[in-house]
Number of protein chains: 2
Amino acid sequence: MDESLPEAATTAPAAAPAPAPQKGTVTQRAIDRIKAMIGEGRLEPGARLPTERDLAAQLGISRSSMREAIRALTVLGVLEARHGSGIYVTQLEAGDLLETFGVVADLSRGPRLVELLEVRRILESTATALAAARITADQLAEVEKHLTAMNATDDPEEILSHDLAFHRVIAGAAGNETMAAILDGLSSRTFRARVWRGYQEEGAFERTRREHAAIHRALVAHDPEAARAAAAAHVGEVEEWLRSQIQP
Amino acid sequence: MDESLPEAATTAPAAAPAPAPQKGTVTQRAIDRIKAMIGEGRLEPGARLPTERDLAAQLGISRSSMREAIRALTVLGVLEARHGSGIYVTQLEAGDLLETFGVVADLSRGPRLVELLEVRRILESTATALAAARITADQLAEVEKHLTAMNATDDPEEILSHDLAFHRVIAGAAGNETMAAILDGLSSRTFRARVWRGYQEEGAFERTRREHAAIHRALVAHDPEAARAAAAAHVGEVEEWLRSQIQP
DNA sequence: CCACTCAGGTGGTCGGACCACTACGCGCAA
DNA sequence: TTGCGCGTAGTGGTCCGACCACCTGAGTGG
C-alpha cells in the first residue's frame, strides 16, 4: 500500500520465454490456433476435437471465447458441431468451405451483381465446355431429365429448381468439384430468384428454353466449343439485361 | 426456406412430425435475422448497429448468443466490431466478403489444390486478357515496377511479394473488382508459399521470369489473345507441376 | 439375443460481473 | 472566447458459473 511507484520486478510469474505478443483478440487467436492445427495436419478431416471446456483450458481462455472461435469456424464450414456429441472437422471438401460463397451473392448489389455474373459466365462457359468432352451417358440422362421437367411446368419455383439442377449436373460433369461448388454459390437460390424475377417477367422464358436446348445439343455432340459458346451466351443474356437495369 | 440440403426433399421419413417452429439454434436464427436486415436494406453499408446488449434484447436472446452471431458475421466480412465504439456494417465490397476465400486456399490439399489452380488459370487468363485491352499507362507502369523489382532480387519472400502484386495490379486493371478479389484469395500468401516452395526449388525461376515477361509484352501491345495465352501458360505450368507431384 | 432404460458427457443457452478501450463533454487555463 | 486535458459514461472483450437439451453407450431386464 505504501509503495508509491514500485518497480514490481520481483517474482514476475508472467513470463514465458516467448512473451506471446497479444496480437488480436483472444478469440481471434483461438481461431488461428485451431486453423493452424488443421493446416498442419494435426487434425484430420472428420476428426473429433476435444470438448469446448478442454479446448478452452488448453489455450488458457474461457469457454465463452472458445465458443465464439468455434462458431466462427463453423460458419466458415471448417468445423461442425453436433449437439450432445462433439465438435468435428468437416471433410474440408469444396462444398463445405465454399458454402459461404452464397453469402457474397446474397449481399451483393448493383454493379457487384453484374461482376458476379461476369465471373459466372467465365466459369460456367469453361465448365460446360469441359463437360461436353467428359460427360457420361448417365450424367447426360440426368441433364435431359431436368431439361424436360423444366419445360413441362409453368411454376417459376419449379423451373428455377430444375434450372439450378441442370447447371449443377453439368458443372459436376466437368470434373472439377471446386469449380462446381463456386458455381453453386454463385447461383444460390436467393441470388437467382432476385435476378430472375425481373428477367423472366420480360418473357425470357422462351429464350431461356432455346439456350438450354442449345447447351444440351452441344453436350450430346460432345462439342466443347459449341458448348462454351452456348453457355457464355446463356449467362451473357442475363448479364446484359441486368446491366441495362442498373444503368438505364 | 429453412435449410437447403443437397438431398431431395421428396421423402418424409417420419421426421419433423411437429411443425418444428424452432428452426436451428438461437444463434443461427440471430445470424439469419441480421443478414436479412442487411439484405433488405434496413442496414446500409457502414451503418452502426445497436449495442450487443440492445440487439440481444430485441431478439430476445442472451448477450452470449448474440455475441456468437456477431462474431460469425464478423469473420464472414459482413460486420466489423470496433472495441469501445460499436458494431458496424462493412462496405460489403468484394474484398470484404471474399476475404474468407483465403481460408479455402489455405486448408485445401492434394487434388483440391490442383482444382483451385485450374479455377485460377481460367479466371487469371481471362482477367489478363481484359487487362490487355483496358490497362492504363499508370497501371502499366506499376506492373513494370513490380516486374523489375521481382527480377532484381534473390530473396524468395520479396519475389513472392512482388509476384502477388504483379498479378494483383493486372487483375485490378481488368475492371472487375469481384474477380480481382477472388484471384487474391486464390493466391493467398500461405497458399502460394506452400506450392512455390517446391516449385521454385526445381529451378523454375528463369521460366517464371520469361512467362512474366511474356505477359508484360502482351499488356504493352494491348493484345488480349496473347495475354490470355501467356497467363494460361503461366498458371498452367504450376498446375502441371503440382499435378505431377500429387500423382507420381 | 434383443430391446429398453438411464446416467454421464456434450454442446447450447443464459445471466451477471468485470476489464479495456473509445468517445464525448465538462471545466480549467490561456 | 478559445483551446486543451481529464474524467466519465458507454461500448465491445473476457471470464465465470449455472442450467438446459440432446446424444451416446453401458447396463439391465425381458
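Numbered from 1 within each chain, the chains take letters A, B, ... in sequence-line order.
Residue B/Thr27 has a polar side-chain atom (N or O) positioned under 4.0 Å from OP1 or OP2 of C/dT13. Here B/Arg53 does not reach the OP1 or OP2 of D/dT11: none of its side-chain N or O atoms lies under 4.0 Å away. Here B/Thr51 does not reach the OP1 or OP2 of D/dG10: none of its side-chain N or O atoms lies under 4.0 Å away.
In B/Gln245, the CD atom is crowded: over 12 heavy atoms of neighbouring residues, nucleotides or ligands sit closer than 6.0 Å.
One atom, OH of B/Tyr88, and another, P of C/dT22, lie 12 Å apart when rounded to the nearest Å. Note: CG (B/Asp54) to P (D/dG12) measures 9 Å, nearest angstrom. For the pair B/Glu52 CD and D/dT14 P, the interatomic distance rounds to 10 Å; values are reported in whole Å. As a whole-Å value, the separation of A/Glu68 CD from C/dG11 C1' is 15 Å. One can place CG of A/Leu49 at 16 Å from C1' of C/dG9, the figure rounded to the nearest angstrom. At whole-Å resolution of the value, CZ in A/Arg63 and P in C/dG11 are 7 Å apart. Computed from coordinates, the A/Arg71 CZ to C/dG12 P distance equals 6 Å when rounded to whole Å. What separates NE2 of B/His83 from P of C/dC21 is a distance of 7 Å, to the nearest Å.
At a threshold of 4.0 angstrom between heavy atoms, the contacts of A/Ile61 are confined to the sugar-phosphate backbone, with no base atom among them. B/Ser64 comes within 4.0 angstrom of a base, heavy atoms only. Counting any heavy atom pair closer than 4.0 Å across all strands shown, B/Arg82 reaches sugar-phosphate atoms only and no base atom. B/Ile87 comes within 4.0 angstrom of sugar-phosphate atoms only, judged by non-hydrogen atoms across all strands, and of no base.
Checked by atom type and distance alone, the side chain of A/Arg71 never pairs as donor or acceptor with a backbone atom of B/Arg67 at under 3.5 Å.
Checked against A/Thr100 for a side-chain contact (heavy atoms from CB on, under 4.5 Å), the options B/Leu97, B/Val75, B/Thr100 give a single hit: B/Thr100.
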Requested in this report: Check the pair B/Gln28, B/Thr25 against side-chain hydrogen bond (donor to acceptor under 3.5 Å, both in side chains), reporting the backbone distance first and the verdict last.
Outcome: CA-CA 5 Å; B/Gln28 188 57 48; B/Thr25 67; 5.2 Å; no
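For the pair B/Ser85 and A/Thr25, nearest-nucleotide mapping onto DNA chain D gives the more 5' position to B/Ser85.
Relative to the side chain of A/Arg67, the nucleotides C/dT13, D/dG12, D/dT14 differ in distance, and C/dT13 lies closest.
Nearest heavy atoms, A/Thr153 versus A/Ala149: CG2-O, 3.5 Å.
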